[in-house]
Asks: 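Sharing a structure with you now.
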Amino acid sequence: MRYVAWICAMLLLAGCAAPAEEEGLDPAEVRQALDAVNSQFAEAFNNHDPDALVGLYSEDATLMPQGAPAAQGSEAIRQFFADLFASASPSDMTLTIQKLEIHGQVAVDVGQFSMNLNPPGQDEPVLEEGKYVVVWKQDEGGAWKLYIDIFNSNSMPPAAEESEDESE
């Protein structure tokens with residue numbers, strides 16, 4: 001699945017002939033715009049607002065979370081976040097861009113995230129850290145929207161951790 005996302009991202013980038021500078025886009029301004037959208041994302045996420053989150057994605061976006069099928073389109077993305085908020089009550093989301101490539105009206109953002117998960121029945125929140133890759137598209141109005149969003153945790157799933165312990 002991650003290979004499909006990588007191939008899609010590369011095809012998108014290959015289709016964009018001009019780098020940001022040739023398109024008149026200032027990389028610092030693009031970075032600032034993406035940081036602002038990431039701040040809006042974190043705020044909507046921390047407020048458990050799937051409708052606000054969906055508004056940050058393009059209408060034809062694909063969300064590719066760890067351990068779940070891809071969610072394609074606004075309604076599937078809305079449902080993914082609604083289910084996540086109901087099951088784990090996440091909080092304190094932060095997003096940090098580490099690497100940014102800009103090619104015309106497409107950008108690829110590689111970064112890190114952290115959040116607290118508060119599953120029912122647990123007394124203390126669990127810190128979840130991970131990484132993400134987002135392919136952004138600039139819409140006709142100039143706004144940057146998440147187009148392909150893939151993320152995964154730095155932690156091994158519980159079944160994998162148990163298997164490693166048994167093999168020692």
Side-chain angles (χ1 to χ4, degrees), residues 1-9 11-12 30-100 105-162:
M1 199 60 149
R2 65 184 134 165
Y3 297 113
V4 171
W6 180 249
I7 290 169
C8 289
L11 289 173
L12 276 171
V30 173
R31 170 83 183 236
Q32 185 177 15
L34 298 185
D35 281 337
V37 177
N38 277 342
S39 291
Q40 293 171 358
F41 188 101
E43 181 178 353
F45 189 91
N46 291 332
N47 289 328
H48 296 185
D49 188 347
D51 293 325
L53 286 166
V54 166
L56 301 174
Y57 286 85
S58 66
E59 290 182 18
D60 57 345
T62 301
L63 175 67
M64 302 173 76
Q66 174 175 303
Q72 297 183 341
S74 299
E75 195 50 46
I77 292 170
R78 178 182 287 106
Q79 190 62 52
F80 171 82
F81 284 116
D83 292 347
L84 175 65
F85 297 149
S87 68
S89 191
S91 61
D92 302 318
M93 161 70 76
T94 62
L95 300 164
T96 306
I97 296 173
Q98 293 183 306
K99 182 177 180 181
L100 181 61
Q105 287 149 326
V106 174
V108 178
D109 162 12
V110 178
Q112 293 182 319
F113 71 85
S114 69
M115 67 177 137
N116 286 320
L117 297 177
N118 303 286
Q122 255 187 296
D123 294 334
E124 296 292 320
V126 176
L127 177 63
E128 185 71 37
E129 296 178 315
K131 59 262 179 211
Y132 67 85
V133 176
V134 172
V135 177
W136 297 83
K137 277 195 325 187
Q138 193 175 34
D139 68 15
E140 292 175 6
W144 288 95
K145 300 283 187 172
L146 291 96
Y147 176 57
I148 299 173
D149 182 4
I150 183 169
F151 60 91
N152 55 63
S153 172
N154 289 343
S155 303
M156 292 295 289
E161 288 175 357
E162 290 172 13

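All residue numbers refer to positions in the sequence shown, counting from 1. It should be emphasised that the depicted structure is a prediction, and the values quoted were computed from it without experimental measurement.
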Asks: Using every non-hydrogen atom in the two residues, find where Ile97 and Arg31 come nearest and quote the distance to one decimal.
Replies: O-NH2, 3.3 Å
Asks: Search all heavy atoms of Lys145 against all heavy atoms of Gly55 and return the closest pair with its distance.
Replies: NZ-O, 2.6 Å
Asks: Under 3.5 Å, is there a donor on one side chain and an acceptor on the other for Asp83 and Gln79?
Replies: yes
Asks: Under 3.5 Å, is there a donor-acceptor pair between the side chain of Asn46 and the main chain of Asp92?
Replies: yes
Asks: Is there a side-chain contact between Asn38 and Val134 in this structure, where contact means two heavy atoms from C-beta onward sitting under 4.5 Å apart?
Replies: no
Asks: Closest heavy-atom contact between Ser87 and Pro120?
Replies: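 Minimum heavy-atom separation between Ser87 and Pro120: O-CD, 3.0 Å.
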Asks: With rounding to the nearest 0.5 angstrom, report the CG to OG distance, Asp139 to Ser58.
Replies: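 One gets 9.0 Å once the value is rounded to the nearest 0.5 Å.
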Asks: Can you measure from CE (Met93) to CG (Asn116) and round to the nearest 0.5 angstrom?
Replies: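 If we round to the nearest 0.5 Å, Met93:CE and Asn116:CG are 10.5 Å apart.
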Asks: Listing request: all salt bridge (Lys or Arg N to Asp or Glu O under 4.0 Å) pairs with a residue in residues 53-81, at least two apart in sequence or in separate chains.
Replies: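 Residue pairs passing salt bridge (Lys or Arg N to Asp or Glu O under 4.0 Å), neighbours aside: Asp51-Arg78, Asp60-Lys137, Glu75-Arg78.
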Asks: In terms of relative ring orientation, are Phe85 and His48 parallel, tilted or perpendicular, with 30° and 60° separating the classes?
Replies: parallel
Asks: Quick check: does any side chain N or O of Gln105 sit under 3.5 Å from a backbone N or O of Gln138, one acting as donor and the other as acceptor?
Replies: no
Asks: Of all heavy-atom pairs between Glu128 and Ser155, which one has the smallest distance, and what is that distance?
Replies: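 For Glu128 and Ser155, the tightest heavy-atom pair comes out as OE2-OG, 4.1 Å.
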Asks: Mark yes when over 12 heavy atoms from residues, nucleotides or ligands other than Gln98 sit less than 6.0 Å from its CD; otherwise mark no.
Replies: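 Enclosed.
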Asks: In Å and rounded to the nearest 0.5 Å, what is the OH to CG distance from Tyr57 to Asp149?
Replies: 3.5 Å
Asks: Count the heavy atoms of every other residue, nucleotide or ligand shown that sit under 6.0 Å from CD of Gln40, and state whether that count exceeds 12.
Replies: yes
Asks: Verify side chain to side chain contact (heavy atoms under 4.5 Å, CB included) between Val30 and Trp136, making sure each step is shown before the conclusion.
Replies: CA-CA 11 Å; Val30 173; Trp136 297 83; over 6 Å; no
Asks: Would a distance-only check, ignoring hydrogens and angles, find a side-chain to backbone donor-acceptor pair under 3.5 Å from Asn118 to Ser89?
Replies: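 The answer is yes, because a donor-acceptor pair under 3.5 Å joins these two groups.
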Asks: Which of these passes side-chain hydrogen bond (donor to acceptor under 3.5 Å, both in side chains) with Asn154: Gln112, Glu129, Lys131?
Replies: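 Of the listed residues Gln112, Glu129, Lys131, the side-chain hydrogen bond (donor to acceptor under 3.5 Å, both in side chains) partner of Asn154 is Lys131.
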Asks: Output the distance between atom CG (Leu34) and atom OG (Ser39), rounded to the nearest 0.5 Å.
Replies: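 If I round to the nearest 0.5 Å, the distance is 11.0 Å.
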Asks: Once rounded to the nearest 0.5 Å, what's the spacing between atom OG1 of Thr62 and atom OH of Tyr147?
Replies: 6.5 Å
Asks: Out of curiosity, Asn152 CG to Met64 CE, how far, rounded to the nearest 0.5 Å?
Replies: 11.0 Å
Asks: For Leu53 and Phe45, which heavy atoms make the closest approach, and how far apart are they?
Replies: CD2-N, 4.0 Å
Asks: Heavy atoms only: give me the nearest Pro50-Phe81 pair and the separation to one decimal.
Replies: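 Here Pro50 and Phe81 meet closest at CB-CB, 4.0 Å.
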Asks: Are the side chains of Leu63 and Leu146 in touch, meaning some heavy atoms are under 4.5 Å apart?
Replies: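 With C-beta onward as the side chain, the pair stays apart.
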